[in-house]
Each structure stands twice: as structure tokens, then as C-alpha cells.
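Worksheet for the structure shown next.
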Amino acid sequence: MTIRVQSSPFDVGAETSDFAAAQTGMGAIVTFTGVVRDLPGDGLERMEIEHYPGMTEKALAAIADQAQTRWSLGGVLIIHRYGTLRAGDQIMMVATASKHRAHAFEAADFLMDYLKSRAPFWKKEYTRSGAEWVASKDEDEAALTRW
Amino acid sequence: MTIRVQSSPFDVGAETSDFAAAQTGMGAIVTFTGVVRDLPGDGLERMEIEHYPGMTEKALAAIADQAQTRWSLGGVLIIHRYGTLRAGDQIMMVATASKHRAHAFEAADFLMDYLKSRAPFWKKEYTRSGAEWVASKDEDEAALTRW
Amino acid sequence: MDILYFAWVRERVGLPRERIETTAATVADLVEELRAREERYAAAFADLSALRVAVDQELTDFDAPLAGAREVAFFPPMTGG
Amino acid sequence: MDILYFAWVRERVGLPRERIETTAATVADLVEELRAREERYAAAFADLSALRVAVDQELTDFDAPLAGAREVAFFPPMTGG
């Protein structure tokens, strides 16, 4: 299991390559990459991501542990950035490997749902008209009941 | 939409990078990579993948079209190899991009289910004790009823 | 009409493709014609439930009409991915 | 005890962390103490349903006991991913 919380960009291609190369006996590899979207209207000047150093790493490791308990997985990778990002920047990625494609897909989907609502990150969006904390969505919390 | 049917290996890292770079306004990118697994017991000497040139490309394009009709997607990429492969070789990949993570996940999962049962590829496994065509699984056909 | 065979169907028939003259109205009629030819065809087409068919590169059923068809392919269920 | 604030809770309280002496038995008791201090705390803790709390870096509830706790953090619902 690899957990990285970093302000610097990551290279999704190199990460995917390295992750795939590190797996043995796995038939299926799924990756998810989250990208900062521009805002309609004013446009996004930048996004600031705040996190809780210490707790963040623990929370992500606990989520990855849960995934490894629920599905038969090889590797699990989670990378999440903090600090200043702009539209088009890659904000985070997860990767899962399993012998079975359904496990790899479900585990990646699960990681994303939990990461959104249980890992201590907060986003603030800056536009020409001001700055606003991104509100959590009821649907994100509701998504956890799928698992 | 990009469909590639090729005997040569592909670089999953470079493909993921290029795919991600080509998307605009997409918040979510999902990739699935299929890897040849070794066989218990005798071990896999090699796998030969046969396909139906002409129909293969059409069938994959039709599956990608269906995905684009059902979900709100940016790009869709499908790469599938044919010819000789060995354990650990990457056999195929799909990538999907969407504004919404659920769409990207579901579309990639759908592409895999359809590709398995509706694209004209056949696998033959060679071991020390002989060669055998891989039998289709009832569960693969059943998976299509999810959609 | 071009007839194509893939995977173990190809191996049983002993060739990947052939051109034949036929007046078969449906895929099923064509299968009957082929079966009657030689033992290797009878072996390849022994169990239709184990076979799939494409007419002009589109998956279809054994009762599909062949009017205007240029290419018919027989093969086992696909195992890609 | 170290008290940490994140996102708009941090902005309302006006600082990211502070060390306080408290005999509060539960998180809810601690919130009452903080609210009574100054207007900026009252503003930050006006609506508990909009807040989440972690004790020693584990998410928990407002009725969680504080015996032995070294670090309590208050923040809005997370929005990562």
C-alpha cells in the first residue's frame, strides 16, 4: 500500500506505469485520476486545498486497509495533493490491482467514495468575485451507504 | 474516440498520460488495464490471441458509441492486442473521461463487460501439457444484464 | 460468399476462410449445407449452442437471412478483455 | 490540550491551533467552553451540524469523551477527491 500526500504535481503516466510494473499475478489494474475543473461564469483563478497533516495519512491508510479487507487486492496506491491548484491540474489519483476485474473496479470506486467524505481535505475556490469554501454534497455522504 | 487493435505492446503510462492530456473540462479519468495471468500448475508458456480483422474494430467502435450514448463522456480509448503474449504482458486497456466520477467509472466497467463478450477475440493458452482455447464464462455473458 | 472460421472452429474445419457458392436462405440453411459436406464440417458444427455467427461483420442469430450477405463468420463465444 | 481548526472554522476562530487548559469531559463540553470565550468562537461553533470533530486524529462524535485526549480538531465536512 502506498499513500502519498504532497503539494507537488504527480505524473499520472509514470505512476500508472510504476504501479502496474510492481504487481505480480494481477489480471486487472484500475486507476482513477481527479482533475480540477474550471468554474462556469467567473472562471477558477485557483483552488487552495487545505489538509490535516498527520490525520490525512492515517485516514487514507485506514481507507486503503478497509478496501484490502473487503476485496482481494494486490497493490493499492493513493496520491492526493494539497496547496495551490489550477483548472486542468491533476488533484489526486488512486490505483488498485486485483486478479479479478470486478474487485479492482469496486475497490477503486470505494476508495474514491470514502476519500471524498472521510479524508481531511478542504477545497477553497478563488474566482474574480471572491473566494468560497467548497460545500460538501449530500450525495457524497449518501454514496457511502453503497458499501 | 480512439480504437487500436495491435500486436505490439503498448505503454500504459504513456497512453494514460496522453489520454489525460487530451481531455478538457473533465474532472474524472478512469483506466482499466488487463494483464495476462500465469496459470497454476503447469504455468503459461504463452497465450495466442486471435481476432477478426475488420469486425474487431467495428465491434469496439460500436461498444464505445454505446458508452458515449449512455454516459456523459469526454474521450474514450480502447487498445486491444492480438498475437503472442506471455504472463505479465498487458493485453488491453480502456480509458474514459467524464465531468463526473460515477460516469467515468460506470462507462469503463461497461466497456470491459461488453468487450469481453461482444468483441471478436479468442484466447488460446499454451502450457507444457498442451494448448487449450479459453472457454467463455457464463458470468461474463450474465454481466451484460447489469447494463 | 466468403465463409470465415475462427478459433477452434477454424481448427476443426481446417482452414480460416473459403469462398463458396450457396443459395442458402438463412445462416441455419448454410450450416446444414456445410455439415453435409464433410466430417470436419459436421464436427465443427456439431453443437450450435457453442457457436456464434456474424453476417457481414455484425453478430446475429442462426435464423438470420443471407440475402445480399457477402461474408459469414463462425466462431465460439468471444473471450477478449 | 491542542485544539486545531481547519477551513472556515480556522478562518472564523482566527487561528489554526492553540493550546488550552480544560477539564471538559466530552467534545460537547469543550465546545461550550469555547463558545463562552469570545464572539469569534460562538460564530465558529454556531451550528454543530455543519461541523465535524476528530479526537487524536480519529473522526468521532460530539459526545465523545476527552479523557486522555491530546489533540481535538474541528472542521467542516471534508471535500477531498
Side-chain angles (χ1 to χ4, degrees), chain A residues 10-40 43-44 47 74 87-113 115-116 137 139-140 142-143 146, chain B residues 10-40 43-44 47 74 87-113 115-116 137 139-140 142-143 146:
Chain A
F10 58 90
D11 177 337
V12 65
E15 297 295 343
T16 301
S17 263
D18 292 351
F19 181 80
Q23 307 306 315
T24 42
M26 297 295 121
I29 294 163
V30 170
T31 72
F32 177 93
T33 308
V35 182
V36 178
R37 286 171 61 195
D38 206 353
L39 289 174
L44 183 74
M47 171 183 280
D89 286 354
Q90 290 158 358
I91 187 172
M92 50 76 58
M93 76 174 281
V94 304
T96 56
S98 176
K99 288 184 179 167
H100 313 290
R101 78 182 189 284
H103 287 226
F105 266 119
E106 285 178 27
D109 203 0
F110 169 93
L111 289 175
M112 286 308 304
D113 276 354
L115 191 154
K116 277 218 166 280
K137 294 188 190 123
E139 69 196 59
D140 287 337
R146 294 162 64 202
Chain B
F10 59 90
D11 177 337
V12 64
E15 297 295 344
T16 302
S17 263
D18 291 352
F19 181 80
Q23 307 305 315
T24 42
M26 297 295 120
I29 294 164
V30 170
T31 72
F32 177 94
T33 308
V35 182
V36 178
R37 286 170 61 195
D38 206 353
L39 289 174
L44 183 74
M47 171 183 279
D89 286 353
Q90 289 158 359
I91 187 171
M92 50 75 58
M93 75 174 282
V94 304
T96 55
S98 175
K99 288 183 177 166
H100 313 290
R101 79 181 187 285
H103 287 226
F105 266 119
E106 285 178 27
D109 203 359
F110 168 93
L111 288 175
M112 287 307 305
D113 276 353
L115 190 154
K116 277 219 166 276
K137 294 189 190 120
E139 70 196 58
D140 287 337
R146 295 162 64 203

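Throughout, protein chains are lettered first and strands after them, A, B, ... in sequence-line order, and every chain is numbered starting at 1. Side chains included, hydrogens not; waters and symmetry mates left out as well; all remaining heavy atoms used.
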Discussion item. I want to know whether F105(A) and F32(B) have ring centres closer than 6.0 Å.
Written reply: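 Judged by ring-centre distance (under 6.0 Å), F105(A) and F32(B) do meet the cut-off.
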Side chain, backbone, both or neither: which part of [X] has a non-hydrogen atom closer than 4.5 Å to chain A?
X       : answer
D11(B)  : side chain
M112(B) : both
D38(B)  : neither
Q90(B)  : side chain
A108(B) : both

Worksheet entry | Heavy-atom pair with the smallest gap, counting every atom of K99(A) and R37(B) |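 Looking at all heavy atoms of both residues, the closest pair is CD-NH2, 3.2 Å.
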Fill in: Heavy-atom closest contact (A20(B) atom, V12(A) atom, distance)
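Scanning both residues, the minimum pair turns out to be CB-CG1, 4.4 Å.
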Worksheet item: Hey, is D109(B) close enough to R101(A) for a salt bridge, meaning N to O under 4.0 Å?
Response: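 So D109(B) does not pair with R101(A) through a salt bridge.
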Practice prompt. Among T33(B), T31(B), I29(B), find the one that has a side-chain contact (heavy atoms from CB on, under 4.5 Å) with T31(A).
Written response: T31(B)
Fill in: When T96(B), V35(B), D18(B) are compared by non-hydrogen pairs under 4.5 Å with chain A, the top option
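So the answer, after comparing T96(B), V35(B), D18(B), is V35(B).
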